[in-house]
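What follows is a set of notes on a single structure, which appears directly below.
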Amino acid sequence: MSRVIALFSIVSISAAVALGHEGHDQHEEYGPAEQYAPTPVPDRIALTWSGNPARSIDVTWRTATSAAKPLVQITEAERLRGDIRSVASEACRSIEASREVFETDLGECYMNTCRVDDLEPAKMHAYRVGDGDYWSEWHQFKTAAEQPAPFRFVYFGDAQNDVRSLWSRVVREANQHAPRAAFMLHAGDLINRGNRDAEWGEWFEAGGWINGMIPIVATPGNHEYDGGLARHWRPQFSFPKNGPSGLEDTVYWFDYQGLARIISMNSNEKIAIQSGWLESVLDDPKRPKWTILTFHHPVYSAAKARDNFLLRKAWRSVIETNGVDLVLTGHDHAYARTPMGGPRNAPADQNVSTGERRRSANTVYVVSVSGPKQYTLQESWQVDRVASGVQLFQVVNVSKESIDYEARLATGELYDAFKLSKDADGTSKLEDTPVEVDPIRLR
């Protein structure tokens, strides 16, 4: 494949992983329990949504169990002028958060959650979290517009391994390219072992203040499962509760700025029951022009010896017959982006000819990876763009006219790009953007 990125870089990345490994057990006097110990000062601050993004925000954070009652102070950002102490005491709303004692493998902490409602749309707000004695820094975020307006978001495949040492550069470079992103979407396997508190500590350290200013949209991967959904998931991410019973916070949807419906599915469990739920969410006359779906396991796998046949059998028809535009996944630790309707040489289980499938399906499928762990490519399915051995992030611009998509390397270099548009009757058109890739990466 003339466009396949050479696998030589896997070797260099593997070497870097070996050299950059955190090595928590090298210094027993300062191991994970000490490095990631909670304090009364709030940390692991994250924004999410469980309600309307134009009028609400959810904030989650962690403290030691010695902290007093948790509070959020919030105001319009433009009011933070002059004497900040006066503003904080007189001009801010103070809202008491809920909290729970959370037992991790490293000890106890408080996990705090607060949903703030009655916000003004399309407005910059400032907030801090704390208990009256110990406060976080002030963070800012902008609520969504209520009327149709263009926006952009960032999409990451698996971070999973060496998150602090090697994934950190990707999330930070992504913020350089999309500093006003509406949200950051994570397609599962945020970390490697879902119940290890130190690994979540690495993830929050890598993202740092970005997580407290740009809302998180996440779907769980198989590594967020360990005898069930990781215990950390629900206390630290507050997502909509509009999914099927038992799958709340992993299966959900929301509309953003009147242009796109964002849907998270859970490809780890209860696959069959989600088909009917997805059909009902898509069969909605109020659905915006664009529909973007995310889950962890790809419909069309990019790595060798992988094929999610049962998932494809359950979901592909619902996705394509109901006009989903983009499906964003991870899991395969490689990059592949299909033409509309999937690979040109479809797997035999489709039970439909390639020509028929491509005429009726407008969906573009993407699998990507943002962390350093890489897999050998699947070569039997023809797709427009594939890569292995490199970390990537994707910037997706959504407007009334089009979806403009960019996949970039960890260095920020453009690797893949396309424009997706629709005519008046809803028929999609995909236009590839010519991209010159450094020849050293070609094979």
With sequence neighbours left out, write down each residue that passes salt bridge (Lys or Arg N to Asp or Glu O under 4.0 Å) with [X], or none if nothing qualifies.
X: K123; answer: E78
X: D226; answer: none
X: E205; answer: R164
X: R55; answer: E146

*Go through Y155 and Y405 one step at a time and tell me if the ring pair (Phe, Tyr, Trp, His ring centres under 6.0 Å) criterion holds.*
CA-CA 10 Å; Y155 146 52; Y405 169 103; 7.2 Å; no
What orientation do [X] and [Y] show, parallel under 30°, tilted 30 to 60°, or perpendicular over 60°?
X: F239; Y: F237; result: parallel
X: H333; Y: Y375; result: tilted
X: F151; Y: F183; result: tilted
X: H297; Y: H331; result: tilted

Is the Lys NZ or Arg CZ of [X] less than 6.0 Å from the centre of [Y]'s six-membered ring, within 45° of the axis?
X: K400; Y: W290; answer: no
X: R44; Y: W61; answer: no
X: R408; Y: F393; answer: no

*Hey, which of D255, D283, D325 is the one that makes salt bridge (charged side-chain N to carboxylate O under 4.0 Å, His left out) with R261?*
D255
[X]: partners by side-chain contact (heavy atoms from CB on, under 4.5 Å), with sequence neighbours left out:
X: S50; answer: D58, R115, S238
X: N397; answer: R152, V395, D404
X: M111; answer: R62, E100, F102, C109, P235, Q236
X: A144; answer: P53, A54, Y256, Q257

With [X], which residues qualify under side-chain hydrogen bond (donor to acceptor under 3.5 Å, both in side chains), at least two apart?
X: N211; value: none
X: S98; value: none
X: T291; value: R287
X: T48; value: none

_Within the 3.5 Å criterion, strictly below it, is a donor on Y127 or Q140 matched to an acceptor on the partner's side chain?_
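Their side chains do not contain a donor-acceptor pair, so the 3.5 Å distance test is not met.
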*Assess whether side chain to side chain donor-acceptor pair (under 3.5 Å) is satisfied between E320 and Y365, documenting all intermediate values.*
CA-CA 11 Å; E320 295 185 2; Y365 296 89; 2.7 Å; yes
